[in-house]
Amino acid sequence: MHRRGVGAGAIAKKKLAEVKYKERGTVLAEDQIAQMSKQLETFKTNLEEFASKHKQEIRKNSQFRVQFQEMCATIGVDPLASGKGFWSEMLGVGDFYYELGVQIIEVCLALKHRNGGLITLDELHHHVLKGRGKFAQDVSQDDLVRAIKKLKAMGNGFGMIPVGGSYLVQSVPAELNMDHTVVLQLAEKKGYVTVSEIRDSLKWERERACHVLDHLLKEGLAWLDSQAAGEPQYWLPALFSELLSRDITPEEASQMTP
Amino acid sequence: MDRFVWTNGLLEMNETLVIQQRGVRLYDGDDKAKLDVGVVLLSTHRLLWRDQKNHECCICIPLSQVIFFEEQAAGIGKSAKIVIYLHPVPENKEPGPYQQSKYSFIKLSFKEHGQIEFYRRLTEEMTQKRWENTPVSQPIPTGVGPKAARTRAVGIVGIERKLEEKRKETDKNISEAFEDLSKLMEKAKEMVEVSKSIANKIKDKQGDITEDETIRFKSYLLSMGIANPVTRETHGSGTQYHIQLARQLGDILQAPLEERGGMMALTEVYCLVNRARGMELLSPEDLVNACKMFESLKLPLRLRVFDSGVMVVQLQSHSEEEMIASALDNVSDKGSLTAEEFAKLLGLSVLLSKERLLLAEKVGHLCRDDSVEGLRFYPNLRLTNNF
């Protein structure tokens, strides 16, 4: 006795089912994929036309970039997902943000030994602009934030902590939970914080405050001034950097490029 | 100078003083005005001038009358000036110090300096045009104002027109760009809808699609930047693009990895590769997705994620055991090491040195001393010695 397996009969049955589906007006996935292919071509042409007229606008106008990004987000499209995407290829948005990503990484690397891997968005903005030179396109803080969001895909603990109306950018995988974040926010005003201040403002026990501060010390994000008048002060170099604001030294710059 | 009107010098309700400067003499065109030296004041709405000796003598002009202005550098025996070009006299203009003038511009001569700051503030106010938002009460037209016969400088009309055109052009460009952008987004939205529908059908298995079609679908998603509705990833691992990329990376990363002890953080790779490319850069996601393919493509590299979340690219030839053994050797040699010390020793980044030490600790070869002075690693004597 021989088994028929997939024979002519089975194929015929399948074709019949397909025809029945089509009769019912249900469009199969494969048809839709073919349709999508055509639509894609049309869209590509539309995008090319748009690019030929307004590519400059995106490059020069940071407000326009914000609008563009928000519209994409609303419809569920990520123009920065891939360098191979249409948006990136035709509008050049990709290169703008990916290059910015490189510059952000480099600045963070160069300054890490000073601030432990935590830097204010302002300071980051300052150094990035400086590195880009006089004739480069302008870059807004919104641009930086979007570039940083993309960097998260590569692990390495890139993140942003809301502090005092702006952000602290974290570029090391140090684990920072809510407690740490809250202490950072407390320290934002003066650049340092003491155990008493934490106990007064946040109503924590001494042990909890010390635990958090110890962690920040260990991670290199805080420095201890044990000789301060009164009680020891925990300084956050990321926050008081304005006072020490120095340009990136040549030694630090050599840390930038791998 | 015939644009100026007499005023009592008091500010109106919504008007704010921006800056003032003493020691300023006015010029009617190129001629010194028949006024003494005074104080020039800039408000959100007007340019005012008051005689330093006789405070009763105060004149002003609305900022809306200004077409444009420019600096005139100081010379020998000459003070720095700001030249201000003005619109023609309006019909219902109130009385002022001059009935008529053959000039369409005035000058402010800064005998006691202050022109730089004044120029800056004037620029700001002229850009912001705050008087448009908060109009102050207009002087009631008296009906019959002295209408001076005047000669228009021909150049002014041309400049006026050009500036207006430029402003309209810029406005038009921006609004056109936004309009076109909105239309484009509508079309993109349609694409998103179609892709969702396809993904649903794939999930519900309504009709089979071939592997070929799957690959095509994924590449369409990639082009549009649409997250794969089935897998929630914004790529489609297995697109031709990522396969190609993975192979390229396999080539270009060999040497750099060798130089760095067989391991590089993904962010380092990102910078290295993109700096080398110059344009048509890789997105972070492109890089991650390409690296994920190393194993299936049988390339001698691996993407690895440490417990800390740090992602690295590693040469397959550099085995785990070797790294751990060498870490133990180095630490035993020195008695103890911190990540920074280890980094210096190996010429690696602190980040990766730390990961190696953590790795050795994980398998029990090293143990830690975690204090506020830092994290220090010691050989785990329980393992190496026989207790």
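Residue numbering restarts at 1 for every chain, and letters A, B, ... go by the order of the sequence lines.
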Pick whichever of L184(B), V288(B), V192(B), V194(B) has the most heavy-atom pairs under 4.5 Å with chain A.
L184(B)

So how far is it from L109(A) CG to E268(B) CD, rounded to the nearest 0.5 Å?
7.5 Å

Which bit of E89(A) comes within less than 4.5 Å of chain B, counting heavy atoms only: side chain, backbone, both or neither?
neither

Ring pair (Phe, Tyr, Trp, His ring centres under 6.0 Å) contacts in which one or both residues fall within residues 71-95 of chain A, not counting sequence neighbours
F43(A)-W87(A), F68(A)-W87(A)

Measure S182(B) against the heavy atoms of chain A and call it side chain, backbone, both or neither at under 4.5 Å.
both

Atom CD of Q254(B): over 12 foreign heavy atoms under 6.0 Å
yes

What is the distance from atom CE of M191(B) to atom CD of Q39(A), rounded to the nearest 0.5 Å?
5.5 Å

Hey, do the aromatic rings of Y270(B) and Y98(A) have their centres closer than 6.0 Å?
no

Validation row: E106(A), R275(B) side chains within 4.5 angstrom (heavy atoms)
yes

If only atom types and distance count, is the side chain of S283(B) paired as donor or acceptor with the main-chain N or O of A81(A) below 3.5 Å?
yes

Segment of F306(B) engaging chain A (4.5 angstrom heavy-atom cut-off)
neither

K53(A), part contacting chain B, at a heavy-atom distance under 4.5 Å
side chain

CE of M224(B) to SG of C72(A): how many Å apart, nearest 0.5 Å?
8.5 Å

Proximity breakdown for S37(A) and chain B, heavy-atom pairs closer than 4.5 Å:
both

Sort L287(B) into side chain, backbone, both or neither according to what part of it lies under 4.5 angstrom from a heavy atom of chain A.
side chain

K183(B) NZ to E49(A) CD distance, which is reported to the nearest 0.5 Å:
9.5 Å

Of the backbone (N, CA, C, O) and the side chain (C-beta and beyond), which part of L40(A) lies under 4.5 Å from a heavy atom of chain B, both, or neither?
both

Residue pair E99(A) / N274(B), side-chain heavy-atom distance below 4.5 Å:
no

Heavy-atom pairs under 4.5 Å with chain B are the metric here; pick the option from D214(A), V77(A), L224(A), L217(A) that has the most.
V77(A)

Lys/Arg-Asp/Glu bridge criterion (N-O < 4.0 Å) met for K84(A), D286(B):
no

Can you confirm whether M36(A) sits close enough to S195(B) that some side-chain heavy atom of one is under 4.5 Å from a side-chain heavy atom of the other?
yes

Which heavy-atom pair separates M154(A) from T267(B) by the least distance, and what is that distance?
CE-CG2, 4.0 Å

The criterion is ring pair (Phe, Tyr, Trp, His ring centres under 6.0 Å); which residues satisfy it with F342(B), sequence neighbours excluded?
none

Between D95(A) (side chain only) and L281(B) (backbone N and O only), is there a donor and an acceptor less than 3.5 Å apart?
yes

